[in-house]
2 protein chains.
Amino acid sequence: MNQWKQGSDARLPLYQRLREEIMDRIASGEWPPDKPIPTEAALTQRYDVAVGTVRKAIDTLVHDGLLERSQGRGTFIRRPDFDASLFRFFRQVDAAGHARVPDSRILARTLEQPAEPIARALALPVEEQTLKLDRLRTLEDGSVLKEEIWLPATRFAPLKEIELERFGTLLYPFYESQCGQRVGSARETLTVETADQETAQALGIATGDPVVVIERVALGYDRTPLEYRRSRGPAATFRYQVEIS
Amino acid sequence: MNQWKQGSDARLPLYQRLREEIMDRIASGEWPPDKPIPTEAALTQRYDVAVGTVRKAIDTLVHDGLLERSQGRGTFIRRPDFDASLFRFFRQVDAAGHARVPDSRILARTLEQPAEPIARALALPVEEQTLKLDRLRTLEDGSVLKEEIWLPATRFAPLKEIELERFGTLLYPFYESQCGQRVGSARETLTVETADQETAQALGIATGDPVVVIERVALGYDRTPLEYRRSRGPAATFRYQVEIS
DNA sequence: CAGTGGTCTAGACCACTGT
DNA sequence: CAGTGGTCTAGACCACTGC
């Protein structure tokens, strides 16, 4: 019954060791993401602990956003929630009060030797090639974003061939279906700069106007960097909110 | 033994009703903030539930940041953690690589009839007066912030008399000691604008340079708005980060 | 040493989901 | 209806804190 892996520190509380076990299973892809993970009863038997301990381990993972429970159906591996993304904070309505349809267009695709900061963000050796996408996005409010996206070329090889029109508005499901690469989390960084002439033109603002720069590193469930993205949008339509407690 | 208050919906799980009870006690100030709240055993008896239920209620409150446990000492009401504040994201080091000593100076104190948006943020009728403070802050990195602070004048009456030099760098402990007003949480909003001449001069940047505006509403433990604050700092030294999962 | 929270167990019963 | 997670109980033992 006792199917513990090696290496977990026996001094840690049981529920924490169990938590590590479950995270390993998720990272390794051992449990398919569209089916429930083993039931509480199954885990209880497999690891020879009490239900309460299994519940506590799962509780912490639910809390950290890795799992999601659904009464009567089971416990599932959660997809990251990009509602928390900084992109959400471009204003919901444009100057005329209209909400426009979000849209996305790939302008260019090139193979590129990554510059040092990009290679570092992707944890790639600089010799490795990246697939670079230039993209123009329209958000719900009509704001325009100019995006540069770098992907490790070997991992995303299939994307080299596919026609640009077939890239959808949502890239992550596309990565998953075409390349089997699943995004499990991401880290975003916000800074502000002033628009140079080219950016200003693309965003429909004046040169020198403030621009919000959002950088994102997207990671797999095993924490491998999968995508590095740098997006620029007009700062005038940006409004971000935090709760402190 | 059964000391439940009225009004809690009997259809809710016990631990959620207990949670509400505890939140009420905190909001009402019934439990002093510097002493532990009643022990698990005491709550078990007082509300006639099992320890596990008390633990679960407290767990959720710890998780939401209202309480804080300390093994062997007890469970305490937590103070809000302003490390989560957006202010933390002005760069840690200035252009010369020095870290300077944070500082703060009150430039002016006036009684003001609040403009409509400020009255709304403080949930005050526009007839109510506010005490307005103008303040210049230096952060660890040497960035300068220009701050405007509005307080409900009646609630903060003692501050009308005190000499400006006696206002410390940290205002919240000062509010508490002088006026008995404790801050329990806050909401911050970030936007970007360009510096007008006056702001540019105060911040030591050029007119038209981008400026980060942070608005903050600070609330008491009972969710009453206590302070509205609007701060402006140079956008060039600002860098904010979020995790998505 | 007494008192506190932390971990772990064992099991009852309820509520929801899919068939 | 069978199977899943959700709530609640009761109690043992451990680890830390302050006296």
Side-chain angles (χ1 to χ4, degrees), chain A residues 1-4 8-23 25-26 31-78, chain B residues 1-4 8-23 25-26 31-78:
Chain A
M1 283 306 158
N2 216 306
Q3 301 204 7
W4 289 95
S8 77
D9 188 339
R11 292 168 310 181
L12 285 174
L14 258 186
Y15 77 92
Q16 282 188 28
R17 285 190 280 157
L18 183 51
R19 187 197 139 97
E20 297 289 328
E21 280 281 330
I22 296 175
M23 288 203 311
R25 294 297 194 282
I26 295 173
W31 290 338
D34 48 342
K35 287 202 295 187
I37 70 168
T39 66
E40 296 180 343
L43 293 171
T44 298
Q45 288 197 4
R46 162 125 65 131
Y47 294 105
D48 194 26
V49 296
V51 235
T53 306
V54 171
R55 294 192 70 78
K56 180 143 188 180
I58 292 180
D59 276 348
T60 66
L61 290 167
V62 167
H63 174 262
D64 294 355
L66 277 91
L67 294 178
E68 164 167 60
R69 296 192 214 253
S70 174
Q71 185 173 146
R73 296 199 304 131
T75 300
F76 297 79
I77 299 174
R78 221 197 57 154
Chain B
M1 288 302 159
N2 216 307
Q3 300 203 9
W4 289 96
S8 77
D9 188 338
R11 291 168 309 179
L12 285 175
L14 259 185
Y15 77 92
Q16 282 188 28
R17 284 190 281 157
L18 183 51
R19 187 196 139 98
E20 298 289 328
E21 280 281 331
I22 296 175
M23 288 203 312
R25 294 298 194 285
I26 296 174
W31 291 338
D34 49 342
K35 287 201 296 186
I37 70 168
T39 67
E40 297 180 343
L43 293 171
T44 298
Q45 286 196 5
R46 162 125 65 131
Y47 294 106
D48 193 26
V49 295
V51 234
T53 305
V54 172
R55 294 191 70 77
K56 180 143 188 179
I58 292 181
D59 276 348
T60 66
L61 289 167
V62 167
H63 174 261
D64 294 355
L66 276 92
L67 294 178
E68 163 167 62
R69 295 193 216 253
S70 174
Q71 186 173 146
R73 296 199 302 133
T75 300
F76 297 80
I77 298 173
R78 222 197 56 154

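Every heavy atom of this structure was used, including side-chain atoms; hydrogens, water molecules and symmetry mates were not. First the proteins, then the strands, lettered A, B, ... as listed; each starts at 1.
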Whole-Å distance separating the CZ atom of A/Arg55 from the P atom of D/dT9:
15 Å
Mind listing the closest non-hydrogen atom pair of B/Ile58 and B/Thr75 along with its distance?
CG2-CG2, 4.2 Å
Does a salt bridge link A/Glu21 with A/Arg25, judged by any charged N lying under 4.0 Å from a carboxylate O?
yes
Do A/Leu67 and A/Ile26 make a side-chain contact, defined as non-hydrogen atoms from C-beta onward lying under 4.5 Å apart?
yes
Drop me the distance from B/Ile77's CD1 to B/Leu66's CG, to the nearest 0.5 angstrom.
8.5 Å
For A/Tyr15 and A/Gly72, take the nucleotide of DNA chain C holding the closest heavy atom to each; which residue's nucleotide lies nearer the 5' end?
A/Tyr15
Is A/Arg69 close enough to D/dT4 that one of its side-chain N or O atoms is under 4.0 Å from OP1 or OP2 there?
no
Nearest-Å distance for atom pair CD/P, residues B/Glu68 and C/dT4
18 Å
Hey, which sits more toward the 5' end of DNA chain C by its nearest nucleotide, A/Arg73 or B/Asp59?
B/Asp59
Ranking C/dG11, D/dC8, D/dG5 by distance to the side chain of A/Thr75, first place goes to D/dG5
Which nucleotide sits closest to the side chain of A/Gln71: D/dG5, C/dA10, D/dC8?
D/dG5
Expressed as a whole number of angstroms, how long is the span from B/Leu14:CG to D/dA10:P?
11 Å
Rounded to whole Å, please give me the gap between CD1 in B/Ile58 and P in C/dT7.
14 Å
Between A/Ser70 and C/dC16, is there a side-chain N or O to OP1/OP2 distance below 4.0 Å?
no
Just how far is it from atom CZ of B/Arg55 to atom CG of B/Leu18, taken to the nearest 0.5 Å?
13.0 Å
Run the salt bridge (Lys or Arg N to Asp or Glu O under 4.0 Å) test on B/Arg19 and B/Asp64 for me, step by step, so that the C-alpha distance in whole Å, both residues' side-chain angles and the decisive distance to 0.1 Å come before the verdict.
CA-CA 11 Å; B/Arg19 187 196 139 98; B/Asp64 294 355; 2.9 Å; yes
State, with a plain yes or no, whether a side-chain heavy atom of B/Trp31 is found less than 4.5 Å away from one of B/Ile22.
yes
Within this structure, what is the CD-to-P distance between A/Glu40 and C/dC14, rounded to whole angstrom?
18 Å
In dot-bracket notation, what is the pairing pattern of DNA chain C, taking Watson-Crick (N1-N3 plus N6-O4 or O6-N4) and G-U wobble (N1-O2 and O6-N3) contacts under 3.5 Å, with [ ] crossing and | for other strands?
||||||||||||||||||.
Go through the steps to decide whether A/Glu68 and A/Arg73 satisfy the test salt bridge (Lys or Arg N to Asp or Glu O under 4.0 Å), and finish with yes or no.
CA-CA 11 Å; A/Glu68 164 167 60; A/Arg73 296 199 304 131; over 6 Å; no
Nearest whole angstrom, please: distance from the C1' of D/dT7 to the CZ of B/Arg19.
16 Å
From C/dG5, C/dT7, C/dT9, nucleotide with atom closest to B/Thr39 side chain
C/dG5
Can you measure B/Tyr47 atom OH to D/dT9 atom P for me and round it to whole angstrom units?
15 Å
Closest to the A/Lys56 side chain: D/dT7, C/dT7, D/dG5?
C/dT7
With respect to the side chain of B/Pro13, which nucleotide from D/dC8, D/dT9, C/dT7 is positioned closest?
D/dC8
Taking CD from A/Gln45 and P from D/dT4, how many angstroms apart are they, rounded to a whole number?
11 Å
B/Thr53, nearest nucleotide to its side chain (from D/dG6, D/dT9, C/dA10)
D/dT9
Counting the atoms with a prime plus P, OP1 and OP2 as sugar-phosphate, which does B/Gly52 contact under 4.0 Å by heavy atoms, base, sugar-phosphate, or nothing?
base
